[in-house]
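I have placed the structure first, in the form of structure tokens, so that the comments after it can refer back to it.
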Amino acid sequence: MVVAYVLNQPHEFITHNQTYPKIPETDHHSNQKEHECISLIKKCKNLDEFKQIHGHVFKLGLLWSSSFCASNLISTCALSQWGSMDYACSIFDQLDDPCSFDFNTIIRGHTMEMSSDQALLAYLDMLEIGVEPDSFTYPPLLKACASLSAAGEGMQIHGHVFKHGLVGDVFVHNSLINMYGKCGLLRDSCAVFDQMEVKTVASWSAVIAAHASLGMWGECLRLFFCMIRDGGWRPEESVLVSVLSACTHLGRLDLGRCIHGYLVRNLSGLNAAVETAVVDMYIRCGSLEKGMSLFQEMVGKNHKSFSVAISGLASHGRSVEALVVFEEMIKVGLRPDDVVYVSVLSACSHAGLVQEGVKYFERMRKEHRIEPTVQHYGCMVDLMGRAGLVDEAHELIKGMPMAPNDVVWRSLLSACKIHQNLELGEVAAERLMELNGKNAVDYLMLCSIYAQAGRWEDVSLGWVRMGRVGVGKEAGTSAVLVGGKLHRFVSNDALHHPLRGEIREMVHQMEWQLRFEGYEADTSQVVMNVGEEEKRERLRGHSQKLAIAFALVSTSKGSVVRIVRNVRMCSDCHTYTKMISVIYERHIIVRDGNVYHHFKHGTCSCRDYCMPPPRLAGDDLKTRVVDALRRYYYKEKEFGIFIGLNDVYTV
DNA sequence: ATAGGGTTAG
């Protein structure tokens with residue numbers, strides 16, 4: 001903010017042509033030496049060599065007489081791989097009359113080192129001394145603003161761009177698009193883009209990336225199509241990374257496949273970033289096998305590639321494999337970071353591997369020196385809560401070194417819903433309300449607990465409360481990809497689909513078949529105080545059933561059905577889909593928030609773990625886990641250190 | 001005379 005204030009002050013620029021003395025044209029001897037020095041500077045391969053050349057230049061007196069020599073020293077030192085920003089600054093500070101090139105170098109160097117505030121301060125110095133910024137000053141400076149999310153400073157600098165007459169520069173404008181996007185000011189970002197008379201691929205990349213980073217996936221794809229259709233641009237790697245990310249989030253496996261094909265056909269080799277984006281796209285669009293086989297073939301796997309694979313396997317219910325890949329990651333010498341551990345803990349959680357989860361939680365701190373964040377605690381609460389250890393999960397929350405956030409309390413509430421713990425569920429819900437929660441799911445989970453306990457007054461009170469706070473239940477939707485088009489169905493809504501007749505007929509036929517196999521609607525999750533028949537009617541209208549019916553009438557026998565949901569499915573849809581998978585012999589993959597259910601031969605890959613009624617958590621397991629945790633707490637409290645489960649998970 | 005913009009997860 002101080003920077004914004006200073007930037008806002010009026011200032012005058014000295015507009016002389018050169019701020020340094022010119023070398024006399026006649027001095028051929030000195031000119032030749034200068035050329036020699038510059039070529040030596042550019043040949044440097046490490047800092048030691050560079051320091052020697054620096055001394056040489058100093059001895060020849062060129063540091064003072066040739067500003068061009070000094071500029072080259074600074075830029076080489078600041079921008080090379082082996083360079084040192086500190087050393088470059090020390091040379092810079094000795095200059096009597098630094099020119100705009102020198103300032104540009106320093107600003108760029110700081111930006112590349114992620115010292116964004118230093119870059120801004122260097123710019124202020126530049127203004128103060130009266131050196132005129134040019135079109136090379138702004139791209140790195142705007143990048144610094146972008147990484148600081150400094151919208152105020154960014155806007156001031158945008159003003160300076162006008163003032164210095166740089167409105168025609170494509171590079172500066174592309175940086176502005178990016179800066180506004182990173183600051184979350186999408187309208188300004190688009191405004192700069194729209195006003196540009198001459199655009200380049202990078203302009204499109206920047207505006208598409210801006211939409212992608214703010215989660216506007218549909219708009220991201222629309223812009224991409226504009227770019228290649230109307231603009232006639234050939235897409236290149238960087239923009240395709242944003243588009244792949246949009247496909248990933250929208251579940252557009254069809255488009256993602258096209259892009260993968262395009263990349264393979266048009267590029268000789270993919271870099272790790274792009275390849276990881278492709279792997280992530282396949283996995284999160286439901287095609288785990290394809291994603292994993294590409295991952296296995298990858299040569300330059302980095303820790304992000306591993307992270308994608310581990311969380312992918314975990315979300316598809318393949319927890320043990322996720323842990324195997326984690327061990328493999330360590331074996332090849334990559335150090336796991338906090339994000340990878342979130343995936344590892346969630347893998348344990350999905351599979352009910354409580355003890356392993358506790359072990360990994362410890363190993364993270366002891367072996368890899370990563371302090372658990374609120375996210376890791378969230379995973380642990382989920383891990384214990386799902387396994388039925390709700391009181392223990394509550395204890396863990398109480399002992400957290402930081403304030404629990406909504407995710408933590410929501411995990412507990414969800415566990416209370418699964419395991420019918422009304423008392424603790426109320427506590428968790430209360431905390432969520434205190435955190436100013438406007439999440440309809442929280443209210444609905446509490447209502448569901450009340451409904452299962454038959455406390456209908458409390459259920460209706462919950463609905464009243466929702467109305468008062470102004471949150472509405474989001475209608476459940478299921479989208480299914482058929483014939484290159486996404487068909488979206490809404491729960492208990494008027495069916496507008498062109499095939500509505502066939503779909504209704506199919507829904508009827510499916511239920512008839514299911515009943516024949518012993519299916520009975522599970523009305524326990526319907527949070528409405530209405531008669532049984534009406535509850536069954538509500539369940540019949542759930543979007544997932546409509547989507548499956550549509551998929552069955554419009555796709556060939558045996559093909560995989562892929563569904564993307566917006567809210568978590570109910571237990572009735574879960575049971576229903578399992579039975580459909582066996583009766584109609586279909587592999588049905590449902591993306592349910594961040595997890596995937598593979599329904600096949602009458603079973604689900606989640607092993608029903610997120611669905612009531614409570615399972616596992618036999619007394620034996622429960623006692624062992626409680627013991628482990630107790631050791632954890634008391635030893636740490638008494639001795640200030642933790643002595644616990646040291647043995648490493650092996651597979 | 002020296003140089004520059006857009007790049008994946010949770």
Side-chain angles (χ1 to χ4, degrees), chain A residues 22-23 31 34-35 38-39 41-42 66-76 78-79 99-109 111-112 134-143 146 166 169-179 181-182 189 192-193 196 199-210 212-213 227 233 235-249 270-281 283-284 291 302-312 314-315 337-346 373 375-376 378-379 407 594:
Chain A
K22 273 201 166 178
I23 309 148
N31 233 332
E34 188 186 9
H35 271 109
I38 289 163
S39 75
I41 293 168
K42 296 206 163 148
S66 159
S67 143
F68 194 64
C69 227
S71 292
N72 271 292
L73 274 175
I74 296 168
S75 69
T76 306
L79 308 173
C99 63
S100 61
F101 180 88
D102 301 321
F103 272 107
N104 293 349
T105 302
I106 292 298
I107 292 172
R108 196 155 100 88
T111 304
M112 278 164 61
D134 58 25
S135 65
F136 288 86
T137 312
Y138 291 102
L141 192 62
L142 288 165
K143 195 175 186 158
L166 299 170
D169 193 280
V170 190
F171 289 83
V172 173
H173 277 72
N174 291 344
S175 305
L176 281 167
I177 297 171
N178 180 46
M179 182 275 294
K182 292 271 156 59
S189 186
V192 175
F193 177 77
M196 283 173 78
K199 297 179 175 76
T200 62
V201 193
S203 322
W204 285 97
S205 288
V207 79
I208 289 170
S213 67
M227 169 185 164
W233 293 97
E236 42 149 79
E237 235 180 66
S238 71
V239 75
L240 291 175
V241 170
S242 299
V243 178
L244 273 172
S245 178
C247 295
T248 305
H249 286 90
L270 302 186
N271 68 36
V274 183
E275 219 168 340
T276 303
V278 173
V279 169
D280 193 39
M281 183 278 296
I283 293 179
R284 287 169 63 196
N302 59 23
H303 83 278
K304 279 181 181 173
S305 330
F306 273 98
S307 182
V308 162
I310 294 166
S311 70
S315 62
D337 66 354
D338 54 333
V339 182
V340 174
Y341 264 108
V342 170
S343 306
V344 170
L345 294 178
S346 73
T373 66
Q375 269 194 65
H376 298 106
C379 291
V407 180
N594 276 329

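In what follows, every chain begins at residue 1, and chains take the letters A, B, ... in the order their sequences are listed.
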Fill in the blank from the handout: Checking B:dA9, B:dA3, B:dA1 against the side chain of A:H35 (C-beta onward), the nearest is B:dA1
Handout entry: Residue from A:S75, A:S67, A:S71 passing side chain to side chain donor-acceptor pair (under 3.5 Å) with A:D102
Key = A:S71
Practice task
Look at all strands and tell whether A:T105 reaches a base, only sugar-phosphate, or nothing, counting heavy atoms closer than 4.0 Å.
Solution key: nothing
Handout entry: Centroid under 5.5 Å and tilt under 30°, A:F101 to B:dT2
Key = yes
Exercise for the section: Whole angstrom is fine here: how far is it from CE in A:M112 over to P in B:dG5? Expected result: 9 Å
Exercise for the section: Kindly point out which of B:dA3, B:dG5, B:dT8 is positioned nearest to the side chain of A:F171? Expected result: B:dG5
Practice task
Remember a base hit wins even if backbone is also touched, and classify A:V170 as base, sugar-phosphate or nothing at under 4.0 Å, heavy atoms.
Solution key: base
Problem - With sequence neighbours excluded, residues passing side-chain contact (heavy atoms from CB on, under 4.5 Å) with A:T200 - result: A:V170, A:N174, A:A202, A:S203
Practice task
Would you indicate, yes or no, if B:dA9 has its OP1 or OP2 atom less than 4.0 angstrom from a side-chain nitrogen or oxygen of A:T276?
Solution key: no
Practice task
Return the nearest nucleotide to the side chain of A:S71; candidates are B:dA9, B:dG5, B:dT2.
Solution key: B:dT2
Practice task
Looking at every strand, decide which applies to A:V340 at a 4.0 Å heavy-atom threshold: base, sugar-phosphate, or nothing.
Solution key: nothing
Problem - Donor + acceptor pair across side chains of A:N302, A:S305 (<3.5 Å) - result: yes
Exercise for the section: Give one of base, sugar-phosphate or nothing for A:D169, where a contact means two heavy atoms less than 4.0 Å apart. Expected result: base
Exercise for the section: Find the distance between CZ (A:R284) and OG (A:S315) and round it off to the nearest 0.5 Å. Expected result: 8.0 Å
Exercise for the section: Can you figure out which of B:dG5, B:dT8, B:dT2 approaches the side chain of A:F68 most closely? Expected result: B:dT2
Practice task
Check if the side chain of A:N174 and the base of B:dG4 share a donor-acceptor pair of N or O atoms closer than 3.5 Å.
Solution key: no
Problem - Length of the line joining A:E275:CD and B:dT7:P, which is rounded to integer Å - result: 20 Å
Practice task
May I ask you to verify if any side-chain N or O of A:K42 is less than 4.0 angstrom from the OP1 or OP2 atom of B:dA1?
Solution key: no
Problem - Any N/O donor-acceptor pair, A:T200 side-chain to B:dG5 base, under 3.5 Å - result: yes
Fill in the blank from the handout: Residue set satisfying side chain to side chain donor-acceptor pair (under 3.5 Å) with A:T76, at least two apart, ordered chain then number -> none
Exercise for the section: Describe the nucleic acid contact of A:K199 in one word from base, sugar-phosphate, nothing, applying a heavy-atom distance below 4.0 Å. Expected result: nothing
Fill in the blank from the handout: Quick note, A:A209 side chain, CB onward, closest among B:dT7, B:dT2, B:dA1 is B:dT7
Exercise for the section: Would you kindly say whether A:N271 and A:E237 are connected by a side-chain donor-acceptor distance under 3.5 Å? Expected result: yes
Exercise for the section: Name the nucleic acid region contacted by A:N72, choosing base, sugar-phosphate or nothing; use a 4.0 angstrom heavy-atom cut-off, strictly under. Expected result: base
Practice task
Answer with base, sugar-phosphate or nothing: what part of the nucleic acid does A:S305 contact at a heavy-atom distance below 4.0 Å?
Solution key: nothing
Exercise for the section: Decide whether A:S175 and A:N178 meet the rule of one side-chain donor and one side-chain acceptor closer than 3.5 Å. Expected result: no
Fill in the blank from the handout: Winner on side-chain proximity to A:F136, out of B:dT2, B:dT7, B:dA3, is B:dA3
Practice task
Just compare B:dT7, B:dA9, B:dT2 and give me whichever is closest to any side-chain atom of A:S307.
Solution key: B:dA9
Problem - From B:dT7, B:dG4, B:dG5, nucleotide with atom closest to A:A202 side chain - result: B:dG5
Practice task
Classify the nucleic acid contact of A:N104 as base, sugar-phosphate or nothing, counting any heavy atom under 4.0 Å across all strands shown.
Solution key: base
Completion exercise
note: A:E237, atom CD; B:dT8, atom C1'; distance rounded to Å ~ 11 Å
Exercise for the section: Just compare B:dG4, B:dT8, B:dG5 and give me whichever is closest to any side-chain atom of A:S175. Expected result: B:dG5
Problem - Closest nucleotide among B:dA1, B:dA3, B:dA9 to the A:E34 side chain - result: B:dA1
Exercise for the section: Please check the phosphate of B:dG4 (OP1 and OP2 only) for any side-chain N or O of A:R108 closer than 4.0 Å. Expected result: yes
